[in-house]
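Take a look at the structure below.
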Amino acid sequence: MDTESTYSGYSYYSGRSRGSHRHGERSRDRHKSRSKDSRSEKSVTINTPPAEPLLGDSTVRGEQVQDDNWGETTTAVTGTSEHSLSQEDIVRITKDLEDSVGLDCRRYFTLTLAVILGLLVFLTPLAFLVLPHLLWPERLQSCGTACEGLFISVAFKLLILLLAVWALFFRPPRAGLPRVFVFRALLAVLVLLFVISYWLFYGVRILDSQDENYQGIVQYAVSLVDALLFIHYLAIVLLELRQLQPCFSVCVARSTDGETRHYNLGQLSIQRAALAILEHYYCDFSVNNPALLSASKTRAAKHLAGLKVYNVDGEFPAAPAEGPGNNAATGLAHSQSRAMIAAAARRRDSSHNELYYEEAEHERRVRKRKARLVVAVEEAFTHIKRMQEEDQKKAPGDVMDPREAAQAIFPSMARALQKYLRTTKQQHCHSMESIQQHLAFCITNNMTPKAFLESYLTPGPTLQYSRDHWLARQWTLISEASVTSGLKDGSVFLLKCVDFNLVVTTKKIPYIQMSEEYIDPKSHKFVLRLQSETSV
């Protein structure tokens, strides 16, 4: 069994190389196996782990155990193909581990550099003020009132700069981008060069000469803090204000069901535009449900299974001699083939009727199950009201909490809710535990039955569901242009996940020319002339 489960192209070629063929064939087979292995290592990329699908199907997770009443349709996936490992799988797992380690190292490395640069920036003005007192304190001139006032200015400016840097740069990261943020890297390089140039000037003109004018040294430190505040203002303009004005309209379409949304974005790079689109996706798009596509796939497979292809122009067995009988047999075979093809075409043309009646039957079943569910939920909430009235008459220790009340009335609506979710293909999105928690939440906040059913009758945004049902570890950005380049008119890029892709098309918002037309207020005046013989 192990040998069969690990069967792959690599093992096939390597097995042939150990056969009893000639030396030339063995060498060629070994060359094929090496080339096949090298191709798999170069072309295979793991975007997200297969063990964490975007919808988190509970049917393939062993740790999510539900009771028999709720999970009676649960199926188990078995077979050696689910657990087999080939050489390509080993390469994928290795690359996934390397990518995850590389992302973590890059994130901590960037954070370490930012902390070191921040400490250098904040300690430099203090070092400018402290070093003269440590190296030549006896030669320094006394600091007057104006000099002491500059100390207060430096202290408050450094405090303001510290709070501003913390608010702008030291925020929790929203995502890990594939490339470095260009503007942030340029600002970091600018600050580093700026501080180094100040240190060079300080070392040459102050440390070497041991300047005695301490007030001038303090003013030099104040100028450094002022320049750092201006650089921070430049960072706000480049990182926050530049992207506020909308310049592009992006169309985001999901590859599975074609759901589309449109957003307006500013001057952003492709990778930051992809991040903004993903943030909108989790709030605006409904959760991806592959089960809704299974009906159309089943119908297409059934239709294709009934079709047969006949070789009308193919060769038939030759007769021993040419004659009218042989020609008649050939003509009969051709006519039969044409008749079969015409019948298949007529069957294909009538498939729209099957689709129409299937959709009508599905809608009828959904309405029927919905009516039963609404009635069951209303009766359950009526029972809750009666229980609340009875609880008011009981002692405080005998009153049920919302969790117990939800568990008490849930069996009365569980069957109707389960059938409705199966009919609408939503059973994998809602577990029994999540439904009971939602029911307890509605009871606690005194919500109506309609408010409770809204989460199940109308598919909500992706964030409405549990994180296990939609959270993906990694998205893959696919773009022909560099991801650090800005958006352009006609740019197209792809956001790839395990189950689907998001296709993004960019259009530039057109330039709008407005003109003004002056209307004379006197042009609206008119005179009503009545004839004397007009009857009033």
Side-chain angles (χ1 to χ4, degrees), residues 99-125 157-200 223-248 250 263-282 473-488 491 493-495 504 506:
D99 293 341
S100 62
V101 173
L103 289 175
D104 294 338
C105 292
R106 185 176 63 179
R107 182 177 62 185
Y108 290 117
F109 179 72
T110 304
L111 180 61
T112 304
L113 288 181
V115 171
I116 293 175
L117 182 60
L119 292 176
L120 178 64
V121 167
F122 286 102
L123 294 179
T124 295
K157 287 180 180 179
L158 283 178
L159 179 61
I160 294 173
L161 183 61
L162 176 63
L163 295 177
V165 169
W166 170 79
L168 182 61
F169 294 103
F170 289 92
R171 290 179 289 184
R174 296 180 297 172
L177 299 180
R179 298 290 180 89
V180 68
F181 189 12
V182 176
F183 285 139
R184 182 169 292 186
L186 289 177
L187 288 171
V189 173
L190 176 62
V191 170
L192 181 62
L193 294 177
F194 191 77
V195 173
I196 290 175
S197 63
Y198 259 79
W199 270 110
L200 292 176
S223 67
L224 172 60
V225 178
D226 292 338
L228 292 175
L229 286 174
F230 280 109
I231 292 178
H232 186 271
Y233 173 73
L234 177 63
I236 294 176
V237 172
L238 293 178
L239 302 182
E240 300 294 335
L241 300 181
R242 181 175 176 268
Q243 62 190 20
L244 294 181
Q245 182 180 2
C247 297
F248 299 94
V250 295
Y263 304 105
N264 291 337
L265 299 178
Q267 293 285 351
L268 294 173
S269 62
I270 293 178
Q271 62 177 359
R272 290 184 61 82
L275 177 59
I277 289 170
L278 289 179
E279 291 174 350
H280 287 295
Y281 167 79
Y282 285 119
R473 279 187 55 191
Q474 183 179 356
W475 290 80
T476 302
L477 176 58
I478 302 175
S479 174
E480 294 183 356
S482 175
V483 296
T484 57
S485 60
L487 291 176
K488 298 180 181 178
S491 300
F493 57 91
L494 208 67
L495 289 169
V504 183
T506 306

**Asked** If you measure from CG on Leu265 to OG1 on Thr506, what distance do you get to the nearest 0.5 Å?
**Response** 8.0 Å
**Request:** For Phe181 and Leu239, run side-chain contact (heavy atoms from CB on, under 4.5 Å): C-alpha distance rounded to whole Å, both residues' side-chain angles, the deciding distance at 0.1 Å, then the answer.
**Result:** CA-CA 10 Å; Phe181 189 12; Leu239 302 182; 3.4 Å; yes
**Prompt:** Which heavy-atom pair separates Gln243 from Leu268 by the least distance, and what is that distance?
**Reply:** OE1-CD2, 2.9 Å
**Item:** Heavy-atom closest pair, residues Phe194 and Ala227
**Value:** CZ-CB, 2.9 Å
**Message:** Would you compute the distance between atom OG1 of Thr124 and atom OH of Tyr198 and round it to the nearest 0.5 angstrom?
**Reply:** 11.5 Å
**Message:** Give me the atom names and distance for the closest heavy-atom approach of Ile270 to Ser482.
**Reply:** CD1-O, 3.5 Å
**Item:** Considering all heavy atoms, the nearest Phe122-Leu158 contact
**Value:** CE2-O, 3.8 Å
**Request:** Check whether any side-chain heavy atom of Ile116 lies under 4.5 Å from a side-chain heavy atom of Leu120, and answer yes or no.
**Result:** no
**Message:** Does Leu117 form a side-chain contact (heavy atoms from CB on, under 4.5 Å) with Val195? I'd like the steps, not just the answer.
**Reply:** CA-CA 10 Å; Leu117 182 60; Val195 173; 6.0 Å; no
**Message:** I need the His232 NE2 to Ile160 CD1 distance, nearest 0.5 Å.
**Reply:** 11.5 Å
**Asked** Would you say the side chain of Phe493 lies within less than 4.5 Å of the side chain of Ile277, judging by non-hydrogen atoms?
**Response** yes
**Prompt:** Do Arg184 and Glu240 sit within salt-bridge range, that is, some charged N less than 4.0 Å from a carboxylate O?
**Reply:** no
**Message:** What's the separation between atom OG1 in Thr484 and atom CG in Leu177, rounded to the nearest 0.5 Å?
**Reply:** 11.0 Å
**Message:** Could you report the tightest heavy-atom contact between Leu275 and Ala175, atom names first, then the distance?
**Reply:** CD1-CB, 3.4 Å
**Prompt:** Taking atom CZ of Phe170 as the centre, does the number of heavy atoms from other residues, nucleotides or ligands within less than 6.0 Å exceed 12?
**Reply:** yes
**Message:** As a quick check of understanding, evaluate side-chain contact (heavy atoms from CB on, under 4.5 Å) for Leu477 and Leu495, giving each step before the final call.
**Reply:** CA-CA 5 Å; Leu477 176 58; Leu495 289 169; 3.8 Å; yes
**Fill in**
Between Ala235 and Phe169 the two heavy atoms that sit nearest each other are CB-CZ, 3.8 Å
**Message:** Using only atom types and a distance under 3.5 Å, with no angle test, would you say the side chain of His280 pairs donor to acceptor with the backbone of Tyr263?
**Reply:** no
**Leu487 backbone acceptor or donor facing Ser491 side chain under 3.5 Å** = no
**Prompt:** Short question: side chain of Gln271, backbone of Arg179 - any donor-acceptor pair under 3.5 Å?
**Reply:** yes
**Prompt:** Do the non-hydrogen side-chain atoms of Phe183 and Arg242 ever get within less than 4.5 Å of each other?
**Reply:** yes
